[in-house]
Amino acid sequence: MAKINVVFSESKGKINRDIYGHFTEHIGGVFYDGLWVGEGSEVENVRGFRKALVDSFKKLNPPVLRWPGGCYAETYDWRDGIGPREQRPARVNWWYSHDKRIESNAVGTHEFMDLCRQVGAEPYFAANMTSTTPLEIRNWVEYCNFPSGTALSDERAKNGDKEPFGIQYWGIGNENWGGGGQMTPEQCAREYARYSTVANSIDKGSMKFIMCGPNGHDVDWTSRLMKEWASKKWHEAPTYGMSVHYYCSFAGDPVAFTKDEWYQQLHQANYMKQVLDDHRAAMMEYDPDMKIGLVVDEWGCWHKDGSGPSKGYNLFEQQSTMRDAVVAALTLNIFNDRCDSVVMANVAQLVNNLHSLYLTSGEKFIETPNYHVFEMYKDHMDAKQLHVVNGTEQLAREGFRPMQQVSVSASEAQDGSVLITLANLEYDKDIEIELGGVDGLLTGQAEIKLLQGETPQDHNDFEHPTCVKSVISQRAFKDGDTISLPAASVMAIKLVR
Ligand code: AHR
């Protein structure tokens, strides 16, 4: 029988709660008919935001929300989203060429901040480094963060928010290797320095800037970006992180996948390890003290379009099955185990899009299997990561490094309770595991949450909203006891010792 051991004496430190972050872009159905239904809507709402979604989302204690893009940020003018809503300009946005939809700007800075307050999340603003000037970003910072007595801070007060928003996280640029201006890494580092230095002049020291990192595993981008970054003495603005975007995609059918495609998807998800480790190694040459964290501000599965409730109207909307839930579980375990270098991650995207936690249409609203994974994992936030010795078998596939049959991570909360999260990556094989501690005992009262479908293809839809949901059981657990992990399932064991 396979053994998994949690080592109490070995830890990489605290799991940054921001690893459990989310991403909400103005794209397809994320805001309009997803989060935002408008104050006059028949759909129950709180100041325009869909109440059912807000209530559910709040339960996850979401730490941080990235907004307004993505690519959308690269043509966004923040001034379009302030002032009386009925006077805001309709715009052709970044995604118009894909879906021919017009942006109403009904959701702007104040509405987004209201959403953050409603769900208790920190905002993470993605600022436009492609098509505006440094002055415009600086002005947005002043508008948001300056207390009062200037034209911009007084305008904020006039628009309904007297108190400054105090936005800490500012992403400077998005995918500048691609849609964000087709820059070279050297150009991107210089532009980043120019924009962040100017933005920082408003509010020195309280902001955390995030520089645009690579596309997936492009380590050359990271090395050249960091080399340029390190070659100057212009580090006026504190660089908190470098973004990484990695989607495990092969554009297959999200629901009708084969056993072979199941494994292909999971190997692609597991590749996240290589992506993070190789970028970290490249950064170390220029940042040996690891002052700059990895911010994986876009991750998830990217399947073929059109499987969501809008049947393709909402750009990139897709169904999420147990396969996506297992990808989420595996990915979050990977982040937990790299908590000494990953300081934030934002799954793409919250609702009606890629790897979503929710799907909506009019009044209809469901939680996808991904939602349950975030719910089951939430106690890892701010807990102390614990090393795990994973004795399960390895799964091989050509073109990939072998991966363990079971993905696992563990953490210890301040009250001494332990959370162990596991995902069985086997399509149709249940696994028995002997679970024990090293330098400490895994003995106590266990609350076990299990997420599984009848098949790996199972998912929730409006007709079957709870086809996949987590089931809770309790048991007294003794160090070395056995657990049964069904095929294609996710389990969270919370042990009060
Ligand atoms: O998440 C969808 C898009 O994917 C984002 O806008 C962009 O940054 C990425 O290419």
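For the numbers below, each heavy atom of this structure counts, side chains included, while hydrogens, waters and symmetry mates do not. Note that ligands are numbered from 1 as they come in the structure, with each ligand's atoms numbered from 1 the same way.
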We want to know whether Arg66 and Asn174 form a side-chain donor-acceptor pair, criterion being a heavy-atom distance below 3.5 angstrom.
yes
Would you say the side chains of Asp324 and Thr321 form a donor-acceptor pair under 3.5 Å?
yes
Side-chain contact test, heavy atoms from C-beta onward, threshold under 4.5 Å: evaluate it for Phe112 versus Phe165 and give yes or no.
no
Modelled atom types, side-chain donor and acceptor of Asp18 and Tyr169, under 3.5 Å:
yes
Show the short N or O contacts, below 3.5 Å, that ligand 1 makes with protein N or O atoms; if there are none, say 'none'.
from     : atom 1 : to     : atom 2 : distance (Å)
ligand 1 : 1 (O)  : Tyr247 : OH     : 2.8
ligand 1 : 1 (O)  : Gln349 : NE2    : 3.0
ligand 1 : 4 (O)  : Glu298 : OE1    : 3.3
ligand 1 : 6 (O)  : Glu25  : OE1    : 2.7
ligand 1 : 6 (O)  : Glu25  : OE2    : 3.0
ligand 1 : 6 (O)  : Cys71  : N      : 2.9
ligand 1 : 8 (O)  : Asn174 : ND2    : 3.2
ligand 1 : 8 (O)  : Glu175 : OE2    : 3.2
ligand 1 : 8 (O)  : Glu298 : OE1    : 3.1
ligand 1 : 8 (O)  : Glu298 : OE2    : 2.7
ligand 1 : 10 (O) : Glu175 : OE1    : 2.8
ligand 1 : 10 (O) : Glu175 : OE2    : 3.1

Answer with yes or no whether the side chains of Asp461 and His464 bring together a donor and an acceptor at under 3.5 Å.
yes
Interatomic distance, CG@Asn93 vs CD1@Ile27, rounded to 0.5 Å, equals 8.5 Å
